[in-house]
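Whatever order the structure lists them in is the order used to number ligands and atoms, beginning at 1. Numbering of residues begins at 1 and proceeds along the displayed sequence.
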Amino acid sequence: MKFPHQVVLITGASSGIGAELAVQLARMGCRLGLLARREELLKQVAERVEAAGGKACIAVCDVGDAAQVAEATRRVEAALGPIDCVVANAGMGWARKRLEFDAAATEQLVRTNFLGMTNAFFAALPVMLARKRGHLVAVASLAGYQGLPQDAGYAASKAAMRIHCEGMRIELRGTGIDVSTICPGFIRTPLTDRNEFDMPFLLEVEAATRKLVRAIGKRRRVYNYPWQLWWLIKLGMHTPRWLYDAILGGQGAKMQAGRTQKYSNGLDPRS
Ligand SMILES: NC(=O)c1ccc[n+]([C@@H]2O[C@H](COP(=O)([O-])OP(=O)(O)OC[C@H]3O[C@@H](n4cnc5c(N)ncnc54)[C@H](OP(=O)(O)O)[C@@H]3O)[C@@H](O)[C@H]2O)c1
């Protein structure tokens, strides 16, 4: 498949899906803007990108800070040229204990996952609108379709991404700018390494990212995968709430067994 974009900005490019996406797109000859907070890891991904035949520009920033993202986007444009595609992939999770609700951690989740996406999109949009072309891609999650015990904040942040993208997609009709929402199930990355429960239909990151690249290439409006988990989620959405609550309540107890409080990337969102 020929990938339709040349300059791609990826947020959350220092690990997991973002790092793998950068390397796969480099093999297709793309020039890549790589954003995240951990500079050392970004440098390593940039080396892999260059070794794979691509060109990389790294920009350290916190996606939750609109000014930092705008500055990073300008730096990428200056180094690589106008951005054809933004993949808003940066994200975090928080495996908290049952009944331990936390306002600061929830704010951090929403700031990173949801506002991190809008910050990246809005920074690139003016140039895309002027060029009358572009592609905005959000890496949301199948978790964003229903409420999940102990992951309510994560699921809500992903639902917000999905709904915001739907509105933008319709609003941007006729401007030459496409919007894609990607909703993966479980993928083996540092984000899911913390999970102590069974992850049904878990995908390896290389295979999962190949599917993501194909979906972007086809400019899919919404791409939910793997299909097996998507069908289970659809079944769940049509299940009476009393039954859904009972099933997920049991699942929540299983998830709780032996669970310790952990944060993806080892960063405590409340620090
Ligand atoms: N793995 C799965 O099963 C799965 C399933 C569905 C959706 N997703 C979504 O896929 C995306 C990538 O996740 P992953 O599985 O690849 O996890 P990961 O390996 O933990 O990667 C997360 C990336 O986001 C970056 N990030 C986190 N907070 C940031 C911030 N405040 N500012 C800038 N960058 C930040 C991290 O970089 P730094 O820490 O260096 O900043 C890292 O590069 C996330 O949005 C996640 O919700 C994952």
Side-chain angles (χ1 to χ4, degrees), residues 9-24 32-46 58-69 71-73 87-95 105 107-120 123 137-145 148 151 153-162 165 181-195 197-209 211-212 215 223-226 229-230 233 262-269 271:
L9 182 146
I10 304 171
T11 69
S14 62
S15 102
I17 298 165
E20 178 61 26
L21 178 64
V23 174
Q24 291 194 15
L32 295 148
L34 309 176
L35 274 55
R37 293 164 300 176
R38 290 172 293 174
E39 188 169 19
E40 246 342 283
L41 290 186
L42 279 181
K43 283 181 181 161
Q44 289 169 20
V45 176
I58 66 168
V60 174
C61 76
D62 184 330
V63 291
D65 183 319
Q68 285 187 32
V69 178
E71 174 55 30
T73 302
V87 183
N89 164 76
M92 60 166 293
W94 176 39
E107 184 181 332
Q108 175 80 0
L109 267 174
V110 173
R111 182 170 298 285
T112 303
N113 296 357
F114 174 59
L115 296 180
M117 175 195 79
T118 54
N119 288 341
V137 179
V139 181
S141 172
L142 286 182
Y145 280 98
L148 295 170
D151 265 335
Y154 179 79
S157 71
K158 294 294 175 180
M161 290 173 75
R162 213 163 43 76
C165 282
T181 313
I182 311 292
C183 298
F186 294 108
I187 302 170
R188 197 190 306 279
T189 69
L191 184 81
T192 49
D193 284 346
R194 72 197 164 96
N195 291 345
F197 52 87
D198 287 339
M199 293 181 275
F201 310 110
L202 177 73
L203 294 169
E204 297 302 326
V205 72
E206 294 84 2
T209 306
K211 289 177 186 291
L212 170 58
Y223 179 49
N224 300 299
Y225 75 111
L229 191 56
W230 171 228
I233 302 250
K262 282 197 236 161
Y263 311 94
S264 58
N265 304 335
L267 301 175
D268 185 337
S271 62

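Close to ligand 1: T192, with a non-hydrogen atom less than 4.0 angstrom away. Assignment of A88 to the shell around ligand 1 is not supported, since no heavy atom sits closer than 4.0 Å. Within the structure, ligand 1 has A140 among the residues with a heavy atom less than 4.0 angstrom away. For the ligand labelled ligand 1, residue T11 lies outside the 4.0 Å heavy-atom shell. Using a 4.0 Å heavy-atom cutoff, C61 is listed among the residues neighbouring ligand 1. At a 4.0 Å cut-off, at least one heavy atom of K158 sits close enough to ligand 1 to count as contact.
For the residues S14, G64, A19, A120, the heavy atom positioned nearest atom 42 (C) of ligand 1 is part of S14. Nearest to atom 44 (C) of ligand 1 by heavy atom, out of N89, V139, L203, is N89. Proximity annotation for atom 5 (C) of ligand 1: of G185, G12, S157, G16, G185 comes nearest, heavy atoms only. Heavy-atom proximity to atom 24 (O) of ligand 1, evaluated over G93, P190, S141, G91, is greatest for G91. Taking only non-hydrogen atoms, the option from R111, E20, R37 nearest to atom 28 (N) of ligand 1 is R37.
The closest donor-acceptor contact from the side chain of T192 to the backbone of I187 lies under 3.5 Å. For the pair Q68 (side chain) and D62 (backbone), a donor-acceptor distance under 3.5 Å is present.
Atom CZ of R188 is surrounded by 12 or fewer heavy atoms from other residues, nucleotides or ligands within 6.0 Å.
Ligand-side atoms of ligand 1 in range of A13: 43 (O), range being under 4.0 angstrom from any heavy atom.
In terms of polar-atom proximity, F186 is not counted as a contact of ligand 1, lacking any N or O under 3.5 Å from an N or O of the ligand. Between I187 and ligand 1, at least one N/O pair is under 3.5 Å apart. Any N or O atom pair closer than 3.5 Å counts here, and G18 shares no such pair with ligand 1.
The OG1 atom of T181 sits 11.0 Å away from the NZ atom of K158 when rounded to the nearest 0.5 Å. With rounding to the nearest 0.5 Å, the separation of CE in M199 from CG in D193 is 7.0 Å. Expressed to the nearest 0.5 Å, how far CD1 of I182 lies from NZ of K211 amounts to 12.5 Å. Rounding to the nearest 0.5 angstrom, the gap separating the CG atom in L148 from the OH atom in Y154 is 10.0 Å. Interatomic distance, CG of L115 versus CD of E107, reported as 9.0 Å (0.5 Å rounding).
W230 and Y145 have tilted rings, their planes meeting at an angle from 30° to 60° on a 0 to 90° scale.
Residue contacts with ligand 1, taken as heavy atom pairs separated by less than 4.0 Å, involve T112 solely via side-chain atoms from C-beta onward. When heavy-atom distances to ligand 1 are checked against a 4.0 Å cut-off, T189 comes that close only through its side chain, counted from C-beta outward.
Evaluation of the side-chain contact (heavy atoms from CB on, under 4.5 Å) rule for A156 yields no partner, not counting sequence neighbours. Remark: E206 engages no residue in a salt bridge (Lys or Arg N to Asp or Glu O under 4.0 Å) (not counting sequence neighbours).
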